[in-house]
Amino acid sequence: MVTASPPVGAGLLLDLVENVSRVATGRTASVDFGTCDRDAALELISAWCLSSGNEIVSMVGSAITVLHGRSPDPLAGLDPGQLPGSRVWVYTNFDCNLACDYCCVRSSPKAERRAIGIDRVRQIAHEAADADVKELILTGGEPFLLNDLDELVNACTNKLPTTLLTNGMLFHGRRRERLRRMDRSQLVLQISLDSATSEIHDSHRGSGSWARAVAGIQIAHDEGFRVKVAATLPADQMHELAPFHAFLDTLGILRDDQVIRALAHRGVAESGIELTVDSLIPEVTITADGVYWHPVAADHDDQFVTGNIFPLADAIAEVTRRFIAHRRSANAISEWFPCA
């Protein structure tokens with residue numbers, strides 16, 4: 001014999017209204033619907049929250065917890081350039097001529113290429129322009145290992161301003177010819193350089209890599225490109241930046257184009273700061289495998305979002321939805337367990 005759940009009565013809603021009225025705005029209150037029908041209880045309380053300006057934050061067992069008032073919009077406090085989808089990262093490939101000992105996506109000469117391909121890059125660029133994306137960022141691996149890199153880059157710069165990340169070591173022969181075919185008015189080259197002298201840089205990236213990167217910066221300037229320089233540094237070296245900035249000044253790198261990144265404990269790095277979906281504002285990142293939360297974890301399952309790259313607007317919307325849900329969940333938890 002099947003026993004039907006008792007109907008949801010007005011008493012449940014009255015209990016919730018009384019409980020919510022007892023707590024300050026921004027705090028939570030709960031009500032237990034007991035053996036009443038779960039879906040009916042949720043529908044009733046959802047309708048009341050919608051009309052009264054409150055918000056359901058969780059439903060565990062037979063208890064529904066409601067926030068008095070609405071949680072702040074997680075997007076409201078962000079700079080426009082931080083909004084998910086304001087820029088989109090694309091991993092062109094994962095193989096690299098270097099094997100840096102802190103690479104966040106485990107790139108190396110032995111890594112599988114996993115190239116995203118020109119057709120998908122063209123579609124990404126086309127849909128990005130229609131999805132209010134402001135900038136495309138191409139990274140790897142080392143993109144200059146690709147024989148069609150000039151086509152990939154031009155597919156992007158034909159639609160949007162683009163930044164291309166590189167170690168700057170391969171600007172020779174046919175690769176320099178590919179570089180020359182890129183649109184200087186729409187493309188910025190971002191070259192990796194970690195120190196003002198070779199010791200620190202070469203200790204992580206390989207002997208001779210510092211000198212070749214510095215030479216690459218000069219070649220990029222000679223070819224008429226705007227150049228940014230990005231350094232990856234452990235947290236304990238962040239206070240020693242003055243000599244590095246002074247050195248970059250001598251290379252003609254504007255201060256606004258001197259990018260300092262903290263070492264992340266990702267990929268093959270044995271130390272660094274922990275970066276998770278709870279601590280990172282998402283930067284929509286696309287690889288041959290799908291869409292990820294952030295470029296620092298584009299080879300890690302914990303930040304995989306969806307295997308569906310297209311429609312790109314839907315992928316961006318899904319990242320945004322998850323970001324809002326994470327932030328609201330974090331706000332709710334802080335209300336339940338306030339800091340001392």
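Just so it is clear, the model here is predicted, and its values are computed rather than measured.
- The hydrophobic cluster containing Val268, built from Ile/Leu/Val/Met/Phe/Trp/Tyr side-chain heavy atoms closer than 4.5 Å, comprises no other residue.
- When side chains are defined from C-beta on, Thr232 does not count as touching Cys104, because their heavy atoms never get closer than 4.5 Å.
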For salt bridge (Lys or Arg N to Asp or Glu O under 4.0 Å), just list the numbers for Arg174 and Glu177, CA-CA rounded to whole Å, side-chain angles, deciding distance to a tenth of an Å, and then say yes or no.
CA-CA 5 Å; Arg174 287 176 295 176; Glu177 290 303 316; over 6 Å; no

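- Taking the salt bridge (charged side-chain N to carboxylate O under 4.0 Å, His left out) definition, one finds that Asp289 meets it with Arg114, sequence neighbours left out.
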After noting the C-alpha distance and the side-chain angles of Ser209 and Asp202, does the key distance pass the side-chain hydrogen bond (donor to acceptor under 3.5 Å, both in side chains) rule?
CA-CA 6 Å; Ser209 60; Asp202 285 5; 3.1 Å; yes

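- The line from CG of Leu280 to OG1 of Thr276 is 6.5 Å long, rounded to the nearest 0.5 Å.
- Rounded to the nearest 0.5 angstrom, Leu251 CG and Ile217 CD1 are separated by 5.5 Å.
- Note: Leu152 CG to Ile116 CD1 = 9.0 Å, rounded to the nearest 0.5 Å.
- Interatomic distance, Leu160 CG to Ile137 CD1, rounded to the nearest 0.5 Å: 11.5 Å.
- Across Gly61 and Phe33, no two heavy atoms sit closer than the pair O-CZ, 3.7 Å.
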Could you walk me through whether Asn19 and Ser30 pass side chain to side chain contact (heavy atoms under 4.5 Å, CB included), step by step?
CA-CA 7 Å; Asn19 292 348; Ser30 299; over 6 Å; no

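- In this structure Phe244 satisfies the ring pair (Phe, Tyr, Trp, His ring centres under 6.0 Å) test with no other residue, sequence neighbours excluded.
- From Arg205, atom CZ reaches atom SG of Cys100 across 4.0 Å, with rounding to the nearest 0.5 Å.
- Hydrophobic clustering (side-chain heavy atoms under 4.5 Å, transitive across Ile, Leu, Val, Met, Phe, Trp, Tyr) groups Leu138 together with Ile316.
- Residue Thr163 forms a side-chain hydrogen bond (donor to acceptor under 3.5 Å, both in side chains) with just one option from Lys228, Arg226, Glu135, Gln190, and that option is Glu135.
- Sorted by first and then second residue, the side chain to side chain donor-acceptor pair (under 3.5 Å) pairs with a member in residues 211-221 read Gln218-Asp222; sequence neighbours excluded.
- Nearest approach of Glu127 to Leu312, heavy atoms of both residues: OE1-N, 2.7 Å.
- Ala297 and Arg266 get closest at one heavy-atom pair: CB-NH1, 3.7 Å.
- Looking at Glu199 and Thr197, their side chains do bring a donor and an acceptor atom within 3.5 Å of each other.
- Between Thr162 and the choices Val188, Asp183, Leu136, the side-chain contact (heavy atoms from CB on, under 4.5 Å) rule is met once, by Leu136.
- A 4.5 Å side-chain heavy-atom check between Leu12 and Cys36 finds every atom pair outside the cut-off.
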Residue pair Met182, Leu179: steps toward the side chain to side chain contact (heavy atoms under 4.5 Å, CB included) verdict
CA-CA 6 Å; Met182 298 176 189; Leu179 177 65; 4.2 Å; yes

Start with the C-alpha gap between Asn154 and Gln186, add the side-chain angles, then the distance that decides, and say whether side-chain hydrogen bond (donor to acceptor under 3.5 Å, both in side chains) holds.
CA-CA 9 Å; Asn154 289 333; Gln186 284 281 87; over 6 Å; no

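- By the rule that hydrophobic residues join a cluster once side-chain heavy atoms approach within less than 4.5 Å of another member, Phe310 and Val291 end up as members of one cluster.
- Donor-acceptor pairing under 3.5 Å is lacking for the side chains of Asn167 and Ser192.
- When side chains are defined from C-beta on, Val214 counts as touching Leu193, because their heavy atoms get closer than 4.5 Å.
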Apply salt bridge (Lys or Arg N to Asp or Glu O under 4.0 Å) to the pair Arg255 and Asp257, showing each step before the final yes or no.
CA-CA 5 Å; Arg255 284 295 174 105; Asp257 290 339; over 6 Å; no

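- Side-chain contact between His326 and Val277: present, with at least one pair of heavy atoms (C-beta onward) separated by less than 4.5 Å.
- Within 6.0 Å of the CD atom in Gln82, the count of heavy atoms belonging to other residues, nucleotides or ligands exceeds 12.
- When side chains are defined from C-beta on, Ile191 does not count as touching Phe225, because their heavy atoms never get closer than 4.5 Å.
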Stepwise side chain to side chain contact (heavy atoms under 4.5 Å, CB included) test for Trp293 and Leu275:
CA-CA 11 Å; Trp293 188 265; Leu275 298 174; over 6 Å; no

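- Scanning both residues, Val284 and Gly85, for their nearest heavy atoms gives CG2-N, 3.7 Å.
- In this structure, a donor-acceptor pair under 3.5 Å is absent between the side chains of Ser279 and Glu274.
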Quick one: do Ile45 and Val31 satisfy side chain to side chain contact (heavy atoms under 4.5 Å, CB included)? Show the steps, please.
CA-CA 10 Å; Ile45 293 174; Val31 66; 3.8 Å; yes

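- Contact of the His294 side chain with the Glu283 side chain is registered, since non-hydrogen atoms from C-beta on lie closer than 4.5 Å.
- Scanning both residues, Ala264 and Val296, for their nearest heavy atoms gives CB-CG2, 3.6 Å.
- Within a 6.0 Å radius of NE2 in His126, other residues, nucleotides and ligands contribute 12 heavy atoms or fewer.
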For Asn308 and Asp314, what are the C-alpha separation, side-chain angles and deciding distance, and is it a side-chain hydrogen bond (donor to acceptor under 3.5 Å, both in side chains)?
CA-CA 9 Å; Asn308 298 319; Asp314 289 355; over 6 Å; no

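- Glu223 pairs in a salt bridge (charged side-chain N to carboxylate O under 4.0 Å, His left out) with only one of the listed residues (Arg178, Arg175, Arg176), which is Arg176.
- For Phe304, the ring pair (Phe, Tyr, Trp, His ring centres under 6.0 Å) criterion is met by Tyr292, not counting sequence neighbours.
- Screening residues 133-167 for ring pair (Phe, Tyr, Trp, His ring centres under 6.0 Å), with sequence neighbours left out, gives Phe144-Phe171.
- For the pair Ile56/Leu42, a side-chain contact is recorded, criterion being any heavy-atom separation below 4.5 Å from C-beta on.
- Counting heavy atoms from C-beta outward, His300 and Arg106 have side chains that approach closer than 4.5 Å.
- In terms of heavy-atom proximity, Leu189 sits nearest to Ala220 at CD1-CB, 3.7 Å.
- Atom CE of Met169 is separated from atom CD of Glu142 by 9.0 Å, given to the nearest 0.5 angstrom.
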